[in-house]
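All remarks here apply to the structure that follows.
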Amino acid sequence: MAGKGSGYGKTILFGEHFVVYGVPALASAIGDATTCIVESVEGMGYELNDDRPEVPGYKEKKFEEQEVSIKNVLDFMGINLEEKALRITFGGDLVCASGVGASAASCVSLARAINEEFSLGWDDEKINDAAYEGEKGYHGTPSGIDNTASTFGGLVYFIKNLEGGPNTIETVKLKKPIELVIASSGMTANTAVVVGDVRKKKEENPEWFDGVVKEYLEVIKEGRQALENMDLERVGHLMNKNHELLQQITVSNNVLDKMVQLARDNGAQGAKLTGTGRGGNIIALTPSSELQDKVFNALKDAGYPAWKTLIGV
Ligand code: MEV
C-alpha cells in the first residue's frame, strides 16, 4: 500500500511580508509541483527519501526545519510513529529554492499522501490546515498564503485573520493566462529570520512601518483591479512599486535588485522579488511568449537559473 499526494509551487505577485500583518496579498500557484509517496513499513519512526530537485544547498539548509515540519503534519493528522513506521519519499518537478513555496508544497503533498494512505477522507480545507501546521516548522508565524496557494491552485487573494478565525481566500479569475518568468538568485534565505527582522523593524518604528503598509494597500487594491482588467502595463508598474516597498523594509539585496533591473531592461513589464527575499527568487511579468523567452534567456545567460510559467491558468 502507498498513499500519494502533490502540492503546487507558488509565487507571490503582491504582498509578501505585509500579508503577515493582516493586509491582503495575491499569490498564484505555478505548474510545477512537489509529490509525496507515503508507504507503511515495519517498525517505528520514518525514513525520508528527498528526491526533489534543488538549488545547491537548499535541502541541507532546510533539513532541521523539514523534520519539525513533518512531525507537525503527522501530529496534526493523528499519526503516531511510536506505533507505526513510514517511508516518506518526496519528488516532483518543483525545483526547491526560497521563494517558490517549496516548503508549503512539500507539506501539502505530505498531508495528501497521509490522507490517502490512511483513508482519512480529509477535504482540501483540512489538508490546507495540516499543511499550515507543517509550515510552522519552517517559521513560527506563517501567514498561510503559501500553503493556501499550494493546496487550491490558481490565483488566490488572501487575507490572514489575525484574530485566529478563518482567513479570507478568494479565487481571482483572469481573462487569459499571463506569461511569467521566475529566476533564482541561488541564495537560500531563512524565512523565520527575515520575517523576524521585519517584525523588529516594525516594532522599533511603527509609524514608519504603517506608512509603508499604507502605500502597499494602494498597490494591492489597484493591482488586483488591473489584473482583472488585463491592464498589464499597470500591473507591471505596481510590481515595480511593490519591489521598492520591499527594499524599504530591507528584504531585498544587491543580487535581487540586479536581477529585477536586468528583467526590466530586457522588456519585462514589471519585476520584483517574490517570497521571503534576501535571496530566493524574482518574478518578471512578460506577457507574450516572445517577451517571456527574451527575459528568460537574459536571466539564464547572466547565470541565474530561470523558469517560464503561466499564471491564471
Ligand atoms: C513567504 O513565502 C511569504 C512571507 O510573507 C511569509 C508568510 O507569508 O508566511 C515572507
The single option from K272, R278, K10 that satisfies salt bridge (charged side-chain N to carboxylate O under 4.0 Å, His left out) with E16 is K272
Side-chain donor-acceptor pair under 3.5 Å between T274 and N281, yes or no? no
Of V172, V156, I220, L227, the residue whose pairing with L13 passes side chain to side chain contact (heavy atoms under 4.5 Å, CB included): L227
Quick one: OG on S185 to CG on N253, what's the gap to the nearest 0.5 Å? 6.5 Å
So, do F90 and N49 sit near enough that their side-chain heavy atoms are less than 4.5 Å apart? no
State whether R112 and E116 are salt-bridged, where the test is any N-O pair (Lys NZ or Arg NE/NH1/NH2 against Asp/Glu carboxylate O) under 4.0 Å. no
Looking at N254, I want to see if its CG is surrounded by more than 12 non-hydrogen atoms of other residues, nucleotides or ligands under 6.0 Å. no
What about L310 and L94, same hydrophobic cluster or not, with Ile/Leu/Val/Met/Phe/Trp/Tyr joined at side-chain heavy-atom distances under 4.5 Å? no
Between S69 and E135, do the side chains contain an N or O donor and an N or O acceptor separated by less than 3.5 Å? no
Taking R264 for the side chain and A271 for the main chain, is one N or O donor matched with an acceptor at less than 3.5 Å? yes
Nearest 0.5 angstrom please: K61 NZ to Q66 CD, how far? 15.5 Å
Run the side-chain contact (heavy atoms from CB on, under 4.5 Å) check on I159 and I169 step by step: do they pass? CA-CA 7 Å; I159 308 174; I169 300 172; over 6 Å; no
Can you find a heavy atom in the side chain of H139 that is under 4.5 Å from one in the side chain of N190? no
Check whether any side-chain heavy atom of D231 sits under 4.5 Å from a side-chain heavy atom of V235, and report yes or no. no
Are M230 and L238 connected into the same hydrophobic cluster when the rule is that any two of I, L, V, M, F, W, Y join if their side-chain heavy atoms are below 4.5 Å apart? yes
So, does D123 use its side chain to make a donor-acceptor pair with the main chain of E125 at under 3.5 Å? yes
Which heavy atom in G9 sits nearest to a heavy atom in A105, and how many Å separate them? N-CB, 4.4 Å
Does any N or O in the side chain of Q292 come within less than 3.5 Å of the main-chain N or O of P287, such that one atom is a donor and the other an acceptor? no
Ring-face cation of R224 near F14 (centre distance under 6.0 Å, axis angle within 45°): no
Pairs involving residues 206-246, ordered by first then second residue, that meet ring pair (Phe, Tyr, Trp, His ring centres under 6.0 Å) (sequence neighbours left out): F18-Y216, Y21-F209
Distance (rounded to the nearest 0.5 Å) between N266 CG and N297 CG: 9.5 Å
The test is side-chain contact (heavy atoms from CB on, under 4.5 Å); show your working for I79 and I114 and say whether it passes. CA-CA 9 Å; I79 307 299; I114 295 280; 3.8 Å; yes
Do R52 and D93 sit within salt-bridge range, that is, some charged N less than 4.0 Å from a carboxylate O? no
Side chain E179, main chain S288, donor-acceptor under 3.5 Å: yes
Could you report the tightest heavy-atom contact between N242 and G15, atom names first, then the distance? OD1-N, 3.1 Å
Step through the shown structure and confirm whether more than 12 heavy atoms of other residues, nucleotides or ligands are within 6.0 Å of CD on E233. no
Are K71 and D75 close enough for a salt bridge, meaning some N to O gap below 4.0 Å? yes
Between T151 and D124, is a side-chain hydrogen bond (donor to acceptor under 3.5 Å, both in side chains) present by the stated rule, with each step listed? CA-CA 7 Å; T151 301; D124 276 350; over 6 Å; no
Take T34 and S106 through the side-chain hydrogen bond (donor to acceptor under 3.5 Å, both in side chains) test and state the conclusion after the steps. CA-CA 6 Å; T34 291; S106 73; over 6 Å; no
Can you check side-chain hydrogen bond (donor to acceptor under 3.5 Å, both in side chains) on N147 and N128, steps first, answer last? CA-CA 6 Å; N147 49 278; N128 196 29; 2.8 Å; yes
Closest non-hydrogen contact found for V108 with A131 is CG2-CB, 3.6 Å
From E228 CD over to L155 CG, what is the distance, rounded to the nearest 0.5 angstrom? 8.5 Å
Determine, step by step, whether L232 and I178 satisfy the side-chain contact (heavy atoms from CB on, under 4.5 Å) criterion, reporting the C-alpha distance in whole Å, the side-chain angles of both residues, the deciding distance to 0.1 Å, and the verdict. CA-CA 9 Å; L232 300 185; I178 309 168; 3.6 Å; yes
For A268 against L291, the heavy-atom pair lying closest together: N-CD1, 4.3 Å
Identify whether the distance between the nearest side-chain nitrogen and carboxylate oxygen of D293 and K308 falls below 4.0 Å. yes
Can you hop from F152 to W122 via hydrophobic side chains spaced under 4.5 Å? no
Evaluate the side-chain proximity of V73 to M77: yes if any heavy-atom separation is below 4.5 Å, no if none is. yes
Check: residues 35-48 side-chain donor-acceptor pairs under 3.5 Å, at least two apart:
unit_1: T35; atom_1: OG1; unit_2: G92; atom_2: N; d: 3.2
unit_1: S40; atom_1: OG; unit_2: E117; atom_2: OE2; d: 2.7
unit_1: E47; atom_1: OE2; unit_2: R87; atom_2: NE; d: 3.3

Are any of the side-chain heavy atoms of L217 and P24 separated by less than 4.5 Å? yes
So with a 6.0 Å cut-off around NZ of K84, is the heavy-atom count from everything else above 12? yes
Out of curiosity, W307 CH2 to L299 CG, how far, rounded to the nearest 0.5 Å? 10.5 Å
Cluster overlap L120 with I88, hydrophobic side-chain contacts below 4.5 Å: yes
Does either side chain, that of E244 or that of N240, offer a donor lying less than 3.5 Å from an acceptor on the other one? no
Verify, without hydrogens or angle tests, whether N167 (side chain) and N161 (backbone) share a donor-acceptor contact under 3.5 angstrom. yes
Salt bridge between K136 and E133, side-chain N to carboxylate O under 4.0 Å? yes
Start with the C-alpha gap between V100 and T11, add the side-chain angles, then the distance that decides, and say whether side-chain contact (heavy atoms from CB on, under 4.5 Å) holds. CA-CA 6 Å; V100 288; T11 182; over 6 Å; no
Hey, does L26 have a side-chain heavy atom less than 4.5 Å from the side chain of I12? no
All heavy atoms of G153 vs all of A29, minimum pair found to be CA-CB, 3.5 Å
With a 4.5 Å cut-off on side-chain heavy atoms, are L86 and F118 touching? yes
Is it the case that T191 and T276 place a side-chain donor and acceptor less than 3.5 Å from each other? yes
Measuring from S28:OG to Y8:OH, what's the distance to the nearest 0.5 Å? 10.5 Å
Are I70 and Y58 connected, step by step, through hydrophobic side chains (Ile, Leu, Val, Met, Phe, Trp, Tyr) whose heavy atoms are closer than 4.5 Å? no
Do you know which two heavy atoms are closest between F76 and A130, and how far apart they sit? CD2-CA, 3.5 Å
When you measure from the side chain of N115 to the backbone of G121, do you find a donor-acceptor pair of N or O atoms at a distance under 3.5 Å? yes
Taking the side chain as every heavy atom from C-beta outward, state whether V193 and D197 have any atom pair closer than 4.5 Å. yes
